[in-house]
Amino acid sequence: MDSSMYREQIIDLYENPLNYGELDPADFSYEEDNPLCGDVIRIDVRLDEQNRVAEVAWSGDGCAISQASASLLTEEIKGLTLDEVKAFPKETLLELIGVQLSMARVKCALLSLKVLKAGAYGLPDPEEIHPGHKE
Amino acid sequence: MDSSMYREQIIDLYENPLNYGELDPADFSYEEDNPLCGDVIRIDVRLDEQNRVAEVAWSGDGCAISQASASLLTEEIKGLTLDEVKAFPKETLLELIGVQLSMARVKCALLSLKVLKAGAYGLPDPEEIHPGHKE
Amino acid sequence: MLDVAKIRADFPILTVESYPDVPLVFLDSAASSQKPTAVLEAMDTYLRTYNANVHRGIYRLSEDATNAYEAARAKVARFINAQDAAEVIFVRNATEGFNLVAYSWGEANISAGDEILLTEMEHHANIVPWQLLAQRKGAVVRYVPFDENGVLDLSNLAELLTERTKIFSFTAVSNVFGTINPVKQLIAAAKAVGAMTMIDAAQAVPHMPIDVQDFDCDFLAFSGHKMCGPTGIGVLYGKRELLEAMPPFMGGGDMIRRVTLEKSTWNDLPWKFEAGTPSIAEGIGLGATVDYLTHVGMAEIHAYEQYLTHYALEALSEVPGLKVWGPPASQKAGVAAFTLEKLHPHDIAELLDKDGIAVRAGHHCAMPLHKKLGLAATTRASFYLYTTPAEIDRLVEGLHRVRQIFRL
Amino acid sequence: MLDVAKIRADFPILTVESYPDVPLVFLDSAASSQKPTAVLEAMDTYLRTYNANVHRGIYRLSEDATNAYEAARAKVARFINAQDAAEVIFVRNATEGFNLVAYSWGEANISAGDEILLTEMEHHANIVPWQLLAQRKGAVVRYVPFDENGVLDLSNLAELLTERTKIFSFTAVSNVFGTINPVKQLIAAAKAVGAMTMIDAAQAVPHMPIDVQDFDCDFLAFSGHKMCGPTGIGVLYGKRELLEAMPPFMGGGDMIRRVTLEKSTWNDLPWKFEAGTPSIAEGIGLGATVDYLTHVGMAEIHAYEQYLTHYALEALSEVPGLKVWGPPASQKAGVAAFTLEKLHPHDIAELLDKDGIAVRAGHHCAMPLHKKLGLAATTRASFYLYTTPAEIDRLVEGLHRVRQIFRL
Ligand SMILES: Cc1ncc(COP(=O)(O)O)c(C=O)c1O
Ligand SMILES: Cc1ncc(COP(=O)(O)O)c(C=O)c1O
């Protein structure tokens, strides 16, 4: 079995996630799920006076890839400005994950970034966009 | 060209149809068309006291096969009883036509028989069955 | 018993390698099956030697194409024992069959307050068209529940199936649990209250003998691609007198008798429901599919799959932490949807794929079923006439390795 | 100019004999075209080496199938210059495209008294769905007439196309007259009164470069099987914002985002409109079709067919008593529908078939057009990139023999 995809780091992060939890209050929070696989990720962010990420936490459920991705992303954005967060390139996150991903799994890997940016841009709760979403 | 299909008899009948015309009054009359090719055939029949076909006429328009078939059929049923008309086998008509017909053309060949039997059975005018039929 | 080695030789894809030196173990036939050479060749011969549009073409190619296409319909009719080939409507897939009935029969027969009865184990194909119909009409959709074994709980059937029920539409075989439902019993219950019946046979027709006259169902739908046949073709069976009375679904060429600027009248069955150029190559391919399955024998296929299912459930029970959902093998078709501790099915499927093992991970288009189980997804292995016990062994070995990688 | 000999070598069927020693002369491409080897092989390779259901399968076969199917969509989008592959909905055929719009857009946007504008030269596919919609809604269908040359008579357009007109749906190319309609002019006129536009491109996309952004049409539909591609696959193009706003047509797997027992929400475009397992092999085949046509060059194909049409009309004019319906060759695509004195088209087609010549006889799914001409049927010869002038000569010789047999 070629398990290079699931290299040690991903399994480690799956077992011991970084920045796992919730922040209340937070400067922005967002939660979204992928109904197709049941992955759900929530990210809470607190900013400092210069609009930099001071504290960040994520919570949720999902596959090893989406979980590891959330750990790596939240670790990486600490200290970035809000504008830098908004512009965070998905390539950077995929590099951080560092394994070859199939098309279907790229979606898992990028769910955390999608949630982060939706929060950073102040998007409305997905419930309003996709009614019946979070029942 | 293998034109055996269109043997002399069929072309002759196409040029000089038998029993062509209308009978008014008639004991039964029926008219139907095949909208797919525009063939239309009307048959009028007068019976004698023993319920045998005394006079028969057909009119209409269509391809050489359907026209020849109407000539051959009307010629053949003279003197038959109403019951014999109702039971007239389509195989007999196909034999009278005497050429090899493809599936699509068998319909042309049998239109006259369909019309004859509908009349013999006293079917309602097709307009009532297929509204918008004869406009 | 089937000669599986001989059967496997009929399926060219089974010699393919998933990755270099990793032979394919295809365990996703419930999603879409593989195709035997006979089916591929039937389509290829049509495309290479007598390809032409069907119906009313007065030249040899078109006549040959029409004959082959209509012969395929007659074969399908015989295969499911329909009384009449005119009761076999060719559609794209089972899904279109449900939509056709929901639009055509539904628009004419469903009113506000009427009830449509389904079950909680249905595929989305047998849920969403009825929900859309119910929304349009103000009707109500109700569901027969299943129990903890994935078996329909009929204890309250009398409350769900009443004279308000206009149609009871349910699956013959669950595509997740594999449950083989008591079709005849349920149809009898529906008839007793005057409800119509529609059977989702997408997972049944490929795997067991099906007789629509014995069922005495009003409608039944299935897909070609799950029964060794082509994509792009499926079947809606309907009783003749019902189909006759129904308005058309789609309008266009071939389904009309006459078109004027003011209005149109309809062709005879089955063409009334087949608008435009049909899936000709695919219809002809489905004819060859039915020939192939008939030649192998549907009873033999069913018996072999029963054996495989027993074998699989026993083998899988050796994987620690693995739970197969659904009833025991004796009540089950060749489908094993399972969970493995808290592992996400995507991770399981991806790791198995590295071993060449193709299984499906997800909700298998049965979200309500999964929601009731408290799961977002399961991993599903499914079997067909070409599956071998050795492939099931490879699945079990693969699952052991998944455990290792996740340090379980 | 095209190298026709080289092109003919791409089409295996062109070496077939209609009858022993009677080579096939295929002049019925407007009904359904022949397929080049590249298309047959693309489908065969899928079926033999990576056949699997698409979307969300996490194993190599399914990923390869999904990639190929979605790549085909992107190719089609580029081929018609759609802004976005999400604007390309795969349907069974052009006919389904019209039905999809008539049901989904129509249900949401048409009310009693609204007008739907068509033309008198439409194919039934672009008439019947609108008649059915109009019946459901109490709307009115109106028609732009054509003149004695088979050209749209626009002199009263301002009375037909008014602010009551909700949609103007018309063909880019008539499948009987061959008339190439002034699409951009008609779209501009529709926009001026705020009407939506839908283009029947079933006879246009196969034969000339088509650019939906240049047209600026709202919807456009065509079929794979008329453009050297497979049966069972066609395309509905729609502007993204319109498709986004439209309710789904058919319900089932793949088109949903989430299904609960109570209700469902929809997937993103284009999948919102593709319910159930799609025509996978056929979609992949359509991708190969577009590659093939692009490689040959649509402008080259159009130019060659213009040449053929001129040639054919001149050659046919030598047959006494023969009348070709429609405009002169300069305004016409490669279609010649004709009558020969009072001979019935069925007789003509049958006799030509004995010479191996495949033409179509009938109303070509355009009954209102024929009725206006006072005809029940015409005989139609139609050309494509593989047609040769020598084949047209054979047609003319055949017609002379038909005259002899009928003693004309
Ligand atoms: C102009 C036109 N529109 C629509 C169609 C319908 O195409 P299909 O039968 O593939 O849906 C055709 C072909 O028959 C056509 O020629
Ligand atoms: C039980 C059941 N019903 C319906 C369907 C829908 O089949 P298709 O996608 O071919 O329309 C499927 C397959 O996905 C199924 O398993």
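Keep in mind that what you see is a predicted model, and the values were worked out from it rather than measured. The figures that follow rest on heavy atoms only: side chains count, while hydrogens, waters and symmetry mates do not. Chain identifiers are assigned alphabetically (A, B, ...) following the order of the sequence lines, protein sequences preceding nucleic acid strands; residue numbering begins at 1 within each chain.
Heavy-atom pairs under 4.5 Å with chain D were tallied for Y103(C), W130(C), F98(C), F11(C); the largest tally goes to Y103(C). Chain D forms the most heavy-atom pairs under 4.5 Å with one residue out of E96(C), K372(C), M43(C), and that residue is E96(C).
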Stepwise side-chain contact (heavy atoms from CB on, under 4.5 Å) check, M250(D) with N93(C): CA-CA 12 Å; M250(D) 296 205 213; N93(C) 48 26; over 6 Å; no
Worked check of side-chain contact (heavy atoms from CB on, under 4.5 Å) between V16(C) and R60(D): CA-CA 12 Å; V16(C) 155; R60(D) 192 189 65 78; 4.1 Å; yes
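Within residues 275-284 of chain C, the residues that have a heavy atom under 4.5 Å from a heavy atom of chain D are A275(C), G276(C), T277(C), P278(C), S279(C), I280(C), A281(C), E282(C), listed by number.
Between R136(D) and E107(C) there is no salt bridge, since none of the side-chain N atoms of the basic residue sits less than 4.0 Å from a carboxylate O of the acidic one.
Proximity to chain C is absent for every atom of V39(D), based on heavy atoms less than 4.5 angstrom apart. For Q131(D), the part lying near chain C is the side chain, with the backbone staying farther off; criterion is any non-hydrogen pair under 4.5 Å. Residue S62(D) touches chain C through its side chain alone, counting heavy-atom pairs closer than 4.5 Å. For chain C, no part of V140(D) is nearby; none of its heavy atoms comes within less than 4.5 Å.
E350(C) contributes no side-chain N or O that, together with a main-chain N or O of I58(D), makes up a donor-acceptor pair within less than 3.5 Å.
To the nearest 0.5 angstrom, T231(C) atom OG1 is 5.5 Å from Y46(D) atom OH. Rounding to the nearest 0.5 angstrom, the gap separating the NE2 atom in H124(D) from the CG atom in D254(C) is 11.0 Å.
Between R360(C) and N53(D), the closest side-chain pair of non-hydrogen atoms falls below 4.5 Å.
Smallest separation of non-hydrogen atoms from L61(C) and F26(D): CD2-CD1, 4.1 Å.
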